[in-house]
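Everything on this sheet refers to the single structure shown next.
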Amino acid sequence: MLNLFLKIATRYLLKNKLYSFINIFGLAIGIASFVLIMLYVNYEKSYDKFDGSENVYRVFMDYLEGGEYVPGDANAYIVSGPTLKEEFPEIESFVRFRRIRNLVVMHNNTPYDGIVGSLADSEYFDVFDRGLVKGDQRTALNEPYSVVLSTAIAQKLFGDGNPIGQSIKIAGDDSVTFTITGVMDNSNRNTHIKNDLLVSFKTFHTWKIFENDWKFTWNQNEYYTYIKVAPNTDAKLLNQKVMAFVPEGFEFKEKHHMEPIEDIHLHSNKPYEAEANGSASSVKLLAIIAFITLVLSWINYMNLSTSKSLERAKEIGIRKVVGARRPQLIWQFLLESALINCIAIILAIMAVYILLPSFNRFIGQNLSFATVPLKSLAPYFFILIAGVSLAAFYPAFVLSKYNPTKVLKGKVQTSKNSLDFRKGLIVCQFIATIVLLVGTFVANKQINYLKNRPIGADLNQVIALNGQVLDRAYDSIFYQDFDVLLEEMKRNPYIADATSARTYPGDNFSNMNSNLGLTFPDGHTDETHIWYNYGARPDYFNLMGMNFVAGDTFLQTTEKRSNNVVVNEEMARFMGIIDMDALVGKTIKFWGQDWTVSGIVKDYNHLGMKSAVVPTIIRHDRNTQNVLIKLDEKAITMTGVDKALGKLERIWHQVFPVSTYNYTFLDQKFEALFNEDRKFAKAFQIFTLLAILIASLGLFGLTSYTCIQRKKEIGVRKVNGATITQILQLLNQDFIKWVGLAFVVAIPISWFAMHTWLEGFAYKTTISWWVFALAGFTALAIALLTVSWQSFKAATTNPVESLRDE
Amino acid sequence: MLLQLNNIFKWVNSGGQRIFLLKDISLTVEEGEFISVMGPSGSGKSTLLNVIGMLDGFDEGEYHFLDESVHSIKEKHRANLYKEYIGFVFQSYHLLDELTVKENLEMPLLYKKFKGSERKAMVADMLDRFNIVGKKDLFPAQLSGGQQQLVGIARALISNPKLILADEPTGNLNSAQGEEIMGLFKQLNDEGVTIIQVTHSEKNASHGSRIINLLDGRMI
């Protein structure tokens, strides 16, 4: 029996090639998209999940901002960890990370840069449940000047040799040598706080590069701090206690605050995050899209199978006449569905394997079935199987219901209910399509809006150079050489201008100082609002194309530094200044010093377009962190950028022969700050296209169903004089009605969804009415195109065919 | 002369063989005739009727309807021609199940650009003429076969065609109902409508003025 069923099913599939193709293809697209998106969603959700991660929390500071405590930044104080552990017995251990800036590792006199390294407490391996590939994790970070490397860095430095016991140096303090005590494998670990190299925290106390920070009090807060609490601790209660806790000698209006490490990647977006985190709302939206796509493909399957069933009415009739009972027929059709679905699933999985590399390149991740624990995929497979069965049962149920005598006379009864049901499904498909279309349009509009929004600075052809000079101390001779470097660069024909600054637009929070406490010109002192500052040379503003609202750049009374500052408009507003010109020459106080405002610069976006402009003070300083170069437009168009870049590197190495060298184009770095959103918009686009494709397939199926069902009606109308146009109108107006209905339902849904999404941006595009109109028209156009092919066929059929007497 | 067929051939190719559906049919129909086409199953009766009704084409020969050469005019023109001059009656009535009697009658008028008031008048007239005013709001499924066929004929007549083509109009009816329909046809014929019917029944054929016998696509 089973054999026979399968035989019939295969023959049927082969006979109706187009139908089989559409059906299987639609399902496969749906399943493949679902699997792909779910791999991504799972990856995003898998951050910082390890054995015991549910007991690990990050401690950060809440700041008093305008009268209430709000999350300040992602860091805590150097003594926060030890103090909290002392105070609360629930806290079993803590780890502090202090980033080592501009880390350059020296090995065999070769410099290696681009390594992310931190000082870390010895309990690191306990808190983060991380084993060492080589070395002993209990002792690895116990002694000063111990270093643990990642496998990748170990490989880079030592090849296949054993690095344990070997020594390296770190640029900045030539007098000390570090011993490698461990190698950790973190290639498979998904975490928001990535480290290639860990230096034992005890090194800090004597290591000269941190000389300025050798004070262990509540004075420095650039320590990522993680605590591990005892199992079954009431974290909420502990957090309340931690927030209420005021340590001895702690004088700031700040509070300690705990957050689960598992939530950080998707839910935390504070200043000074260890890396740009993901977005929970994007992940949620994508997951919803995945489900929509999947459900659409099931709806499709149901529609297509039932619509095609009419052609099999005769088979069912004969089967019933010769004695088949309904359950047997249901089984037969379920089996057929199973066959189709199995083919679709196999195709989908093949497609996922083939598409995964391009998908990875596209989202910039490295997803594979291997990196996602299969256990976490189990619920999705369950959903898949359940949905498939449900989708398969419906056609089987409908098909097996036909009354044999009527069917054999050629009269297929079509129940009004089941048709309404299918119409409802189509309307749902259209709702989904329109919502997705609106989503795509709005996401693209927002990205374009951000892209075209004026930054307030001209980043075009501006390059930031930063390298580590390895053979020098930062003394007066170094600064002299640095000035020589800038002069050299300015003389070069490729270069329009050169200056240096601590940071630049697009550099995000890195290299910016956050501060509390500022005395305004009117003598009022604010202690509760965060503001930011960095140092730059006087010609920084000119090179960056920034404009002054009032005043000008720092007065160049000295080559080195002065107490001149430039503030941005936001800062002026923060200080309650209305007349900008009046601010010029006024004195403000911070860091226990007087500063003179020399100019007010027009607001520009330092932190990218996702964040609003923050109050910022730019100090006159000859900081050497970044050399900023404006390339000469004309010289470059003649010879190309590469030549100019080569020249820059040569000049750099002429002045600083022993140094590392890196460069970045500012405009690229700035735009990279909303790469995540761009990727999201693109993913949205792709899956919208797929969803539309699936919905069109479904519509195609339903149209063919309607046309078969209305064959007689069309024939009668034609015989009575209806023209092809009139028949087309008749057939198409239903679909127009459905699209209209779907449109009405889709507007509020899509508006709400996109409104929520836009909440994550400081600068929002408007959700204009034309977005909805365009989405509606697109959906309508797609519907009519899909439908018209079939209805045209039906309308042009010779009525003699359809009216042949039974 | 209403229509004239000259040496009409119609065939299909099946398995390398040419099977003739109509073979060398020549026929002249004058206005006011009542012709019955007879012949065994598969002899080509319905095909002939469809060709005359311009629902089906033919492969060879000439067909003149009134002054038009049907074999050489364009599809759109042909459609206008039959829309204006020909009404169809079917064995299984082919009423639209979702429309009421009144709406079924009105349907052909919708395709002929009559104004709403005109349509109303014509439908009322037809309902009256066939004595089915009381049934105007019923659906086809609520009528007997004879009544359905009555509606079918009324629909065929509503735009005053010159020619009624009926394909076994009484095939699905009992003898009393069949008689009634034939009586109606006779009466219409007397009023000047040309009728061509396909029938199996000698008795029905006897109502007509002329009988055409078909066998294997040929007139005998």
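The chains referred to below are lettered A, B, ... by the order of the sequence lines, with proteins before strands, and numbering in each begins at 1.
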To the nearest 0.5 Å, what is the distance between CG on B/L55 and NZ on A/K718?
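Answer for the CG-NZ pair, B/L55 versus A/K718, is 9.0 Å.
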For [X], does the [atom1] atom sit with more than 12 other heavy atoms under 6.0 Å from it, leaving out its own atoms?
X      : atom1 : value
B/E180 : CD    : no
B/R218 : CZ    : no
B/E202 : CD    : no
B/F130 : CZ    : yes
B/K102 : NZ    : no

Please rank B/M54, B/M107, B/E84 by heavy-atom pairs under 4.5 Å with chain A and give me the top one.
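Of the candidates given, the most pairs with chain A belong to B/M107.
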Toward chain B, the part of A/E713 with a non-hydrogen atom under 4.5 Å:
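Both parts, heavy atoms under 4.5 Å.
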Would you say that B/H94 contacts A/V719 through its side chain, given a criterion of any heavy-atom pair below 4.5 Å between the two side chains?
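No, their side chains stay 4.5 Å or more apart.
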Between B/L95 and chain A, with a heavy-atom cut-off of 4.5 Å, which part of the residue counts as in contact: side chain, backbone, both or neither?
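Contact with chain A is through the backbone of B/L95 alone.
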